[in-house]
Structures are given as structure tokens and as C-alpha cells.
*Asks:* 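Just dropping this structure here.
Within every chain, numbering begins at 1; the chains are lettered A, B, ... in the order of the sequence lines, protein sequences first and strands thereafter.
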Number of protein chains: 2
Amino acid sequence: MEPKILSAVSRSTLKRLPLYLHVLEDLHRRGVVYVSCTTIARKFDFGPILVRKDLEVTGAAGKAKIGFRVAGLIDDIKKFLGWHNVQDAFLVGAGNLGKALLGYQDFDSYGLNIVAVFDNDPRKIGTRIFNKEVLALDKLAPLVKRMHINIGIVAVSSEGAQAVVDALVAAGIRAVWNFAPAPLEIPEGVILENARLTQSLAVLTNKLKSLLAGPEKE
Amino acid sequence: MEPKILSAVSRSTLKRLPLYLHVLEDLHRRGVVYVSCTTIARKFDFGPILVRKDLEVTGAAGKAKIGFRVAGLIDDIKKFLGWHNVQDAFLVGAGNLGKALLGYQDFDSYGLNIVAVFDNDPRKIGTRIFNKEVLALDKLAPLVKRMHINIGIVAVSSEGAQAVVDALVAAGIRAVWNFAPAPLEIPEGVILENARLTQSLAVLTNKLKSLLAGPEKE
DNA sequence: GGCCTATCGATGCAATTTTATCGATAAAAC
DNA sequence: GTTTTATCGATAAAATTGCATCGATAGGCC
Ligand SMILES: NC(=O)c1ccc[n+]([C@@H]2O[C@H](COP(=O)([O-])OP(=O)(O)OC[C@H]3O[C@@H](n4cnc5c(N)ncnc54)[C@H](O)[C@@H]3O)[C@@H](O)[C@H]2O)c1
Ligand SMILES: NC(=O)c1ccc[n+]([C@@H]2O[C@H](COP(=O)([O-])OP(=O)(O)OC[C@H]3O[C@@H](n4cnc5c(N)ncnc54)[C@H](O)[C@@H]3O)[C@@H](O)[C@H]2O)c1
């Protein structure tokens with residue numbers, strides 16, 4: 001079957017695919033060749049039918065009784081997500097979070113490669129973090145064009161975030177991955193995706209509140 | 001109206017509440033006293049009705065024509081999320097991400113306060129990060145009990161994550177905020193919430209792939 | 001003061017998302 | 001070789017989520 005092209009693919013499905021990928025790569029490392037949706041679903045709190053429906057969008061095909069070939073499935077998901085070819089990206093903001101992102105080894109297996117860091121703090125410009133030199137913002141636009149960069153990562157404070165996004169867009173960036181909590185504006189035709197940690201935290205603390213308040217009922 | 005208690009509150013709603021909070025706190029800083037759902041919704045790509053429905057669960061009440069009192073709404077959301085009282089939390093994993101989390105100033109406004117850090121790397125134990133000493137894992141259980149800690153944050157590598165969660169649960173932790181990509185098992189009655197950056201990245205790269213492949217169609 | 005307009009809050013409808021059902025198929029068991 | 005069982009793939013049902021409508025209300029306007 002062909003993978004879905006112009007994305008009627010739901011966000012929920014898209015967000016579950018990397019979960020499967022992690023499980024699959026673990027199985028692959030352990031030498032497992034075939035896997036069923038039932039086996040994958042056991043790792044999560046939802047059922048095998050949902051897994052099957054999700055995998056459908058990637059174009060992967062399984063066989064009755066034996067399931068999907070692990071290696072093939074990994075390839076299909078990665079291709080569908082665009083992780084089979086690693087994309088170069090620019091990072092803006094060399095603070096605490098920026099450093100962590102720079103030092104993260106695994107991004108390449110998620111199709112991402114941070115090739116340069118920018119900051120507006122003169123004390124940081126010129127220093128090296130994880131063997132990458134921190135560059136001034138006026139280098140951003142020419143380098144985006146010269147290196148044909150599509151992805152910009154925003155890890156600056158909330159106040160600076162909109163200005164940084166505007167600069168990235170003006171420079172020709174096609175997609176922005178934003179870590180600041182502020183809601184940002186972006187023109188048509190450019191992708192904005194927010195990595196909001198606090199959303200996850202909100203779910204946690206709310207559940208915890210209920211748990212601590214009334215563990216007797218359910 | 002009373003806030004919803006035993007949570008039939010959807011995850012989607014829960015995840016939008018912190019977004020509103022950020023907008024509201026911005027308005028509050030700028031001296032705005034009343035705000036309507038329409039105004040809030042303008043910052044996002046969904047409508048005022050959804051905002052109103054979301055706010056309903058917090059128990060906040062607005063007035064016709066003028067909307068909600070900003071300060072009151074902030075309080076109501078924070079109370080609903082459990083962010084009005086700051087909870088102490090333990091962090092396990094003093095690596096790149098762990099350092100970033102430790103250095104994050106704003107957690108207290110999200111109801112979280114990291115009070116101690118643990119690691120199993122003997123070279124890290126005893127060092128100080130952001131003025132907090134890195135402790136050995138055998139200190140974990142007694143301190144959880146002594147300090148009545150409810151929240152554990154996992155920022156260790158995937159391989160170590162399950163063992164760390166097990167240790168946290170054994171020590172009496174009630175809720176785990178996990179940053180490792182591995183799917184973890186947790187017993188009934190303990191909350192597990194995964195902060196998965198790669199989910200957000202998956203949405204981004206997939207959209208970008210579609211954008212780069214066919215910008216002609218929509 | 002009466003009318004107009006923006007907004008809330010409630011109810012009902014539409015779309016999306018998840019779950020269940022069922023026949024087909026391929027491997028395993030007997 | 002036949003039966004049994006696990007799984008896929010498709011379709012249909014159920015549940016959830018998001019959206020629209022409508023009356024009520026409070027403030028602004030004439
Ligand atoms: N640290 C975390 O764990 C964490 C967690 C969730 C969200 N965030 C968010 O990520 C962002 C960064 O957090 P952080 O802890 O790294 O903050 P930080 O203060 O340590 O770093 C911010 C960096 O951005 C730079 N900067 C600020 N404005 C800039 C601009 N206009 N142009 C270029 N550079 C600019 C600063 O010089 C600094 O180096 C914040 O918006 C924060 O809310 C951080
Ligand atoms: N750095 C990032 O930007 C980033 C982004 C997304 C997810 N993550 C995830 O967060 C986790 C941590 O990432 P990182 O970049 O900080 O890695 P890291 O290697 O820098 O840090 C891991 C730390 O955990 C400690 N550790 C390992 N096993 C342990 C155990 N069993 N008990 C106690 N401590 C243990 C190590 O000593 C080390 O200090 C990983 O699972 C990673 O996949 C990181």
C-alpha cells in the first residue's frame with residue numbers, strides 16, 4: 001500500500017509513530033525479525049487495532065499470523081516521518097536548554113543535526129559548546145541561505161522568542177521548533193511546532209492532585 | 001460553578017490550560033483586568049468556544065459582555081492544575097538535560113521545585129550543579145520518606161530509566177515525570193507522565209516533508 | 001431609558017478518533 | 001492433511017472531542 005501523501009494524517013497518529021519506533025529499534029537490536037501489533041501495543045496503554053491503523057498511514061504491510069518485519073517497519077516509519085535523511089538545523093539560544101539540545105547525541109537518529117548555534121549575549125558569542133562555536137545573530141541570515149537550512153530551533157527566553165522567529169522566517173527558514181512557552185505568530189507556509197514541556201507537567205500535577213485528594217474513589 | 005473533581009477532564013483540555021495561563025500572565029503583567037475567550041483564542045489556532053469549554057472545568061466564572069477577571073482566572077487555573085502550592089521534586093540524572101532542568105528558573109511558577117539531584121556516576125556524585133549537590137542513589141529512598149516527596153523526574157539514559165523508576169516507586173514516589181524515550185512500566189496507583197520531545201519533532205519533520213515535497217497543493 | 005452588541009453558559013450537532021467486528025490468510029498443532 | 005489459532009486489513013460502531021446555535025445578561029450608545 002502507498003503511504004498517505006497530503007496529510008490527512010492526524011496529529012495523534014503522528015505522535016504515536018516515534019513511540020513505536022523506539023520499541024521497534026529495541027527489538028531490532030535484540031535480533032527480533034517479526035513483530036505483531038499486539039506485541040507493540042503491550043508496551044502502551046492502548047490496543048493493537050490502533051497500532052495497526054497508525055502503521056497503515058506509513059504504507060507498511062504485514063502478513064497474517066506473523067505480523068510486520070521489524071527492519072522494514074522501522075524504515076517505513078522513518079521515511080514517513082522524514083527521518084531517513086538527516087536534516088541540518090540551526091539553534092538559537094545557547095542557554096541551559098540550548099546546551100542540552102546541542103549535547104544530545106540521539107538527534108541524528110531522529111533525522112536532526114544541529115550544525116550551528118546563535119545567541120545575542122556578547123559574552124557567549126565566540127565561546128564553544130560541544131565543539132560548536134556560538135555565533136552572532138547577524139551571521140544567521142547569510143548562513144541559512146548559504147547552507148540551505150530548513151529547520152530553526154528556538155531556545156531563547158519568552159520575550160525574545162517572537163523576534164527570533166521573525167528573524168528565522170526572514171532568513172528563509174521553513175520550519176520552527178519552539179521551546180519557549182510564549183504563543184508565537186508565524187506566516188502562512190512556514191511550519192511552527194511547539195515543544196511544550198509544561199503541557200506534560202500540567203497533566204502530571206493535575207492527576208497527582210486528584211490522587212492525593214481522593215485515593216478512595218475511582 | 002464547582003471545578004470538576006474526579007477527572008473526566010480530557011487530556012486535551014488539560015494540555016491547553018497552561019497555554020491560556022501564559023497568555024493570562026502576560027496580560028496581567030500589562031495591567032489588563034478583564035479578558036474574553038475571544039481575545040484568548042486569537043493567540044491560538046482554535047476558537048473561543050473551545051476556550052470557554054476548557055475554562056469551564058476549572059470552575060472559573062465569567063460575566064457576559066466583559067469576560068473573565070484575569071487575576072481570578074489565573075488563580076482558578078493554577079488551583080485546578082495544582083500549581084498554586086509548589087511541590088518539591090527529586091531529579092534523577094545529572095546529565096545534559098538534568099542540568100537544564102535544574103537551571104530552569106520558571107518551574108516554581110508551574111508548581112514545581114527541584115530540591116535534590118541524584119546520579120550513579122561516581123565522578124558526578126559530590127559535585128554541585130546550580131548550587132545543588134549531586135547525591136548517590138542510595139540516599140534516594142530515605143530522603144523521599146523524610147522529605148515526603150511525591151514527584152520524581154527521570155532524566156537518565158533509556159537503558160537506566162526503568163531501574164530508576166522502579167527505585168523511585170519503591171521509595172514511595174507517587175508521580176514520575178519521565179524524559180527518556182523508552183516506554184516504562186509503572187504499577188497501579190502511581191502516575192507516569194512522559195515528556196516526549198520526539199513526538200513534537202515527528203510532527204514537525206513530517207509536515208516539513210510534505211511542505212518540501214508538494215508546496216503546490218493544499 | 002431603550003436599543004444594540006459582545007460575551008457567557010448551556011444544549012445539541014458534526015467531525016474526528018478510537019474501538020469492535022469479521023472475513024481472509026498463513027503458520028502452527030495435531 | 002486437516003484443524004486450530006494468531007494476525008492482518010477492511011468496515012462498521014462507539015466514544016470522544018470540537019464546533020455551532022441560542023437565550024440570557026451586562027455594558028455601551030443614541
Ligand atoms: N531549561 C529548561 O529546562 C526549559 C524547560 C522548558 C522550557 N524552557 C524554555 O526554553 C527557553 C530557554 O530556556 P533556558 O533555560 O535555556 O534559558 P536561558 O536563560 O538559560 O537561555 C536563554 C539564552 O537565549 C539567549 N537569548 C535571549 N534572547 C535572545 C535573542 N533575542 N536572540 C538570541 N539569543 C537570545 C540568551 O542570551 C541565553 O543564552 C525559555 O523560553 C524557557 O522557557 C526551558
Ligand atoms: N539532552 C536532550 O536534549 C534530551 C532531549 C530529549 C530527551 N532526552 C533524554 O533525556 C535523558 C537524558 O539525556 P541527557 O542528554 O541528559 O543524557 P546524559 O548522558 O547527558 O545524562 C544522563 C545522566 O544519567 C546518569 N544515569 C544513567 N543511568 C543512571 C542510573 N541508572 N541511575 C542514575 N543515574 C543514571 C548518567 O550518569 C548521566 O549523568 C535521555 O534518556 C535522553 O534520551 C534528552
*Asks:* Specify the separation, in whole Å, of atom CZ of Arg11(B) and atom P of dG18(D).
*Replies:*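 From Arg11(B) CZ to dG18(D) P: 13 Å.
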*Asks:* Are Phe118(A) and Phe90(A) close enough that their ring centers fall under 6.0 Å?
*Replies:*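 Aromatic pair counts; centres sit under 6.0 Å.
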*Asks:* How would you summarise protein contacts on nucleotides 23-30 of chain D per nucleotide, using B for base, S for sugar-phosphate only and - for none, with heavy-atom distances below 4.0 Å?
*Replies:* --BBB---
*Asks:* CD of Glu56(A) versus P of dT17(C): gap in Å, rounded?
*Replies:* 14 Å
*Asks:* Counting Watson-Crick and G-U wobble pairs with both distances under 3.5 Å, what is the dot-bracket string for DNA chain C, 5' to 3', using [ ] for crossing pairs and | for pairs to another strand?
*Replies:* ||||||||||||||||||||||||||||||
*Asks:* Mind calculating the distance between NZ (Lys53(B)) and P (dA15(C)) to the nearest angstrom?
*Replies:*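 Rounding to the nearest Å, NZ of Lys53(B) and P of dA15(C) are 17 Å apart.
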*Asks:* Measuring from Cys37(A):SG to Leu55(A):CG, what's the distance to the nearest 0.5 Å?
*Replies:* 5.0 Å
*Asks:* Think Lys209(B) forms a cation-pi with Phe80(A), using NZ or CZ under 6.0 Å from the six-ring centre and within 45 degrees of its axis?
*Replies:* yes
*Asks:* Pairs in or reaching into residues 103-119 of chain A: which pass side-chain hydrogen bond (donor to acceptor under 3.5 Å, both in side chains), with residues at least two apart or in two chains?
*Replies:* Asp88(A)-Asn113(A)
*Asks:* If you look at every strand shown and take non-hydrogen atoms under 4.0 Å, does Ile49(B) touch a base, only sugar-phosphate, or nothing?
*Replies:* base
*Asks:* Roughly how far apart are Asn194(A) CG and Leu19(B) CG, rounded to 0.5 Å?
*Replies:* 8.0 Å
*Asks:* Taking only the side-chain heavy atoms of Phe68(A) (C-beta and beyond), determine which of dC8(D), dT17(C), dC19(D) contains the nearest atom.
*Replies:*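 The nucleotide sitting nearest to the side chain is dC8(D).
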*Asks:* So, is Arg16(A) close to the dT18(C) phosphate, meaning a side-chain N or O under 4.0 Å from OP1 or OP2?
*Replies:* yes
*Asks:* Would Arg16(A) count as a cation-pi partner of Phe46(A), with NZ or CZ less than 6.0 Å from the six-membered ring centre and within 45° of the ring normal?
*Replies:* yes
*Asks:* Heavy atom of residues 19-40 of chain B under 4.0 Å from DNA chain C: which residues?
*Replies:*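 The stretch gives Ser36(B), Cys37(B), Thr38(B) as the residues lying under 4.0 Å from the strand, ordered by number.
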*Asks:* Does this structure show an ion pair linking Arg11(A) with Glu193(A), if we count only N-O contacts that are shorter than 4.0 Å?
*Replies:* yes
*Asks:* Which residues pass the side-chain hydrogen bond (donor to acceptor under 3.5 Å, both in side chains) test with Asp76(B), not counting sequence neighbours?
*Replies:* none
*Asks:* Look at the side chain of Arg52(B) and decide which nucleotide, out of dG9(C), dA10(D), dC19(D), has an atom nearest to it.
*Replies:* dG9(C)
*Asks:* Mind calculating the distance between CG (Asp54(A)) and P (dC8(D)) to the nearest angstrom?
*Replies:*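 Rounded to whole Å, this separation is 13 Å.
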*Asks:* Measure from CG on Asp76(A) to P on dC8(D) and round the result to the nearest Å.
*Replies:*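 In whole Å, dC8(D) P and Asp76(A) CG are 14 Å from each other.
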*Asks:* Take the protein atom CG of Leu73(B) and the nucleotide atom P of dT7(C), then report the distance between them rounded to whole Å.
*Replies:*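 After rounding, the reported distance stands at 15 Å.
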*Asks:* CG of Leu55(A) versus P of dT18(C): gap in Å, rounded?
*Replies:* 14 Å
*Asks:* Find the distance Arg42(B):CZ to dA6(C):C1' and express it as a whole number of Å.
*Replies:*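 Distance check: Arg42(B) CZ to dA6(C) C1' gives 12 Å.
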*Asks:* Between Glu25(B) and Lys78(B) (salt bridge meaning N to carboxylate O under 4.0 Å), is one present in this structure?
*Replies:*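 Salt bridge present between Glu25(B) and Lys78(B).
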*Asks:* For a side chain to side chain contact (heavy atoms under 4.5 Å, CB included) check, start with the C-alpha distance between Arg174(B) and Ile191(B), then their side-chain angles and the critical distance, and finish with the verdict.
*Replies:* CA-CA 6 Å; Arg174(B) 312 300 299 276; Ile191(B) 294 158; over 6 Å; no
*Asks:* By a strict heavy-atom criterion of less than 4.0 Å, which residues belonging to residues 191-205 of chain B are in contact with DNA chain D?
*Replies:*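 When residues 191-205 of chain B is checked for heavy atoms under 4.0 Å from DNA chain D, there are no hits whatsoever.
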*Asks:* Under 4.0 Å between a side-chain nitrogen and a carboxylate oxygen: does that hold for Lys79(A) and Asp75(A)?
*Replies:*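 So Lys79(A) does not pair with Asp75(A) through a salt bridge.
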